[in-house]
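See structure below.
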Amino acid sequence: MTTIPVIRKVLEKNDRAAAENRARFDAAGVMCINILGGAGCGKTLLLEALLPHLRHALRIGVLEGDLATTRDAERIAALDVPVAQLLTDGGCHLTAPHVQRALPSIPLSQLDLLLVENVGNPICPANFDLGEHLRLAVLSVAEGEDKPAKYPLLFRGAHAIVLSKLDLLPFVQFNVQQVRREVQRINPAAPVFETAATTRHGIEPLGTWVLERVRANRPLRR
Amino acid sequence: MHEFAIARALIDVAEDAARRAAARRIVGLNARIGVLRQVDALLLSEAFAAARGGTACCDAELRVEPVQTELECPACRAAFNSRAWDWRCPRCGAEGENPRGGEELELVSIEVDDDDDSGDSQGPGEERPRRRREPCPV
């Protein structure tokens, strides 16, 4: 028996596809943001609140990841934003090849920003690079204050963390300051935004952050 | 259940490494997986057992070395390893800072059986780990 040294990343195939995606985004001058969070944390509603705020300044496309149904894509299409639905057919996370297959159905060359809503799941998607430039982790107050400690990879890899459904605070056990401290411990660099999409609370600062990041990435062509 | 995707990816990388080394039969895989990856060891071993059939890893054993996160204590300055998700300093109880490591997800080495197929020496270009040798143990 012989031992052969390998030392290779296990997800190298996904990482290669992710690098190809990123190169395509860069060539088209598009910033891509991967939005992650558990099922029902309010990712789609956050997009619905954010898109009207950003679309006056940016040309935006959306990829909607789901296990089944095209309901989320229909909600985004109703806002007259180019959208494609990625169905994983039961798979619990998006992979870079999923995004690669969907790109032909999005007018990439006419966009400044591509938002990818991952499958609702706080665990698996965090392991898979899609080729995005930024990650946004969404946590609703209804999910509970222990989640940053339970799903640290989600929060550790995020460039910004969005606390959602703040309007439900009177009804749930969720200490915002304690969660901020937990997040700070896991990921000291990431800003934390407090939002309530139904009342549009906190949407403007989040939108400004996204806009600044897109503008810092490259001059906008308009 | 990202364990199945990871098991499949481990097999792909191991098969490719075996092919490059002109080896045929993989009997062991040694991987390093950081705790931050949240890969469940039992689920991964079950996923690997289910995924290896019909591949060059069909009777290979998967061994995983878990990698902890290293932390610094802001109070007593001790460096220590996290214990699962407990990031408190074992000496003074303060929450550890500056986490390092724990995100590893790599195939370190493979073990190949070179007694197998001893009489069958092809040129390296033609060597392929067979996707099917004998029926795999279930």
Side-chain angles (χ1 to χ4, degrees), chain A residues 1-18 36 38 67 88-98 118-119 121-130 135 146-158 178 180-190, chain B residues 1-14 16-23 25-40 44 64 69 71 74 82 84-88 94-99 102-116:
Chain A
M1 196 184 68
T2 313
T3 299
I4 300 171
V6 181
I7 313 183
R8 280 164 59 176
K9 290 205 161 110
V10 173
L11 299 178
E12 59 179 20
K13 208 153 89 180
N14 182 75
D15 291 349
R16 271 199 300 274
L36 305 93
L67 284 80
T88 62
D89 205 13
C92 58
H93 55 268
L94 290 181
T95 63
H98 281 128
N118 218 307
V119 176
N121 176 344
I123 306 170
C124 311
N127 275 297
F128 295 86
D129 183 6
L130 305 181
R135 275 188 187 193
D146 54 349
K147 293 306 172 289
K150 284 191 176 170
Y151 308 123
L153 191 61
L154 170 65
F155 296 94
R156 185 152 164 72
Q178 190 195 317
R180 279 183 170 275
R181 279 195 296 277
E182 287 262 0
V183 166
Q184 169 89 23
R185 179 169 72 88
I186 295 166
N187 184 349
Chain B
M1 183 56 184
H2 49 309
E3 283 81 4
F4 198 81
I6 288 169
R8 290 286 301 271
L10 272 166
I11 291 167
D12 282 350
V13 178
D16 186 62
R19 198 153 43 228
R20 285 164 194 253
R25 189 168 161 239
I26 301 167
V27 293
L29 288 78
N30 296 303
R32 276 160 53 87
I33 302 184
V35 288
L36 292 172
R37 290 284 180 172
Q38 296 194 286
V39 175
D40 184 273
L44 180 63
V64 175
T69 300
L71 297 155
S82 67
W85 282 104
D86 187 353
W87 284 15
R88 285 170 304 175
E95 283 289 344
E97 290 179 347
N98 301 322
E103 289 175 13
E104 296 77 2
L105 186 51
E106 59 189 25
L107 182 62
V108 179
S109 62
I110 54 172
E111 284 149 19
V112 296
D113 192 349
D114 23 32
D115 298 334
D116 197 36

Go through the atoms of [X] and report whether side chain, backbone, both or neither lie under 4.5 Å from a heavy atom of chain A.
X	value
B/Arg20	side chain
B/Glu97	neither
B/Val27	side chain
B/Glu3	neither

Pick from B/Leu105, B/Asn98, B/Ile110 with the largest number of heavy-atom pairs that fall under 4.5 Å of chain A: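 Counting heavy-atom pairs under 4.5 Å, the top option is B/Ile110.
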
Just give me the residue among B/Glu106, B/Glu104, B/Arg32, B/Glu103 that pairs up with chain A most often, heavy atom to heavy atom, under 4.5 Å.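 Ranked by contacts with chain A, first place is B/Glu106.
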
So if I apply the side chain to side chain contact (heavy atoms under 4.5 Å, CB included) rule between A/Val6 and each of B/Asp16, B/Val13, B/Val108, B/Asn30, which one comes out positive?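 Of all the options given, the one that passes is B/Val13.
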
Count the heavy atoms belonging to other residues, nucleotides or ligands that lie under 6.0 Å from CZ of B/Arg8, then report whether that count exceeds 12.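 At most 12 heavy atoms, drawn from other residues, nucleotides or ligands, come within 6.0 Å of this atom.
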
Using 0.5 Å steps for rounding, measure from the [atom1] atom of [X] to the [atom2] atom of [Y].
X	Y	atom1	atom2	result
A/Asn127	B/His2	CG	NE2	4.5 Å
B/Glu95	A/Ile186	CD	CD1	9.5 Å
B/Leu107	A/Leu11	CG	CG	11.5 Å

Where B/Leu36 and A/Leu153 come nearest, the two heavy atoms and their spacing: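 What the structure gives for the nearest pair is O-CB, 3.2 Å.
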
If you compare all heavy atoms of B/Ser109 against all heavy atoms of A/Pro5, which two are closest, and at what distance to 0.1 Å?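 Smallest interatomic distance, heavy atoms only, reads CB-CA, 4.0 Å.
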
Any non-hydrogen side-chain atom of A/Pro152 less than 4.5 Å from a side-chain atom of B/Gln38?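 The answer is yes; the side chains approach within 4.5 Å.
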
Donor-acceptor pair, distance only, cut-off 3.5 Å: does the side chain of A/Glu12 make one with the backbone of B/Ala9?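 Not confirmed, A/Glu12 side chain does not pair with B/Ala9 backbone.
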
Toward chain B, the part of A/Arg156 with a non-hydrogen atom under 4.5 Å: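 The side chain, not the backbone.
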
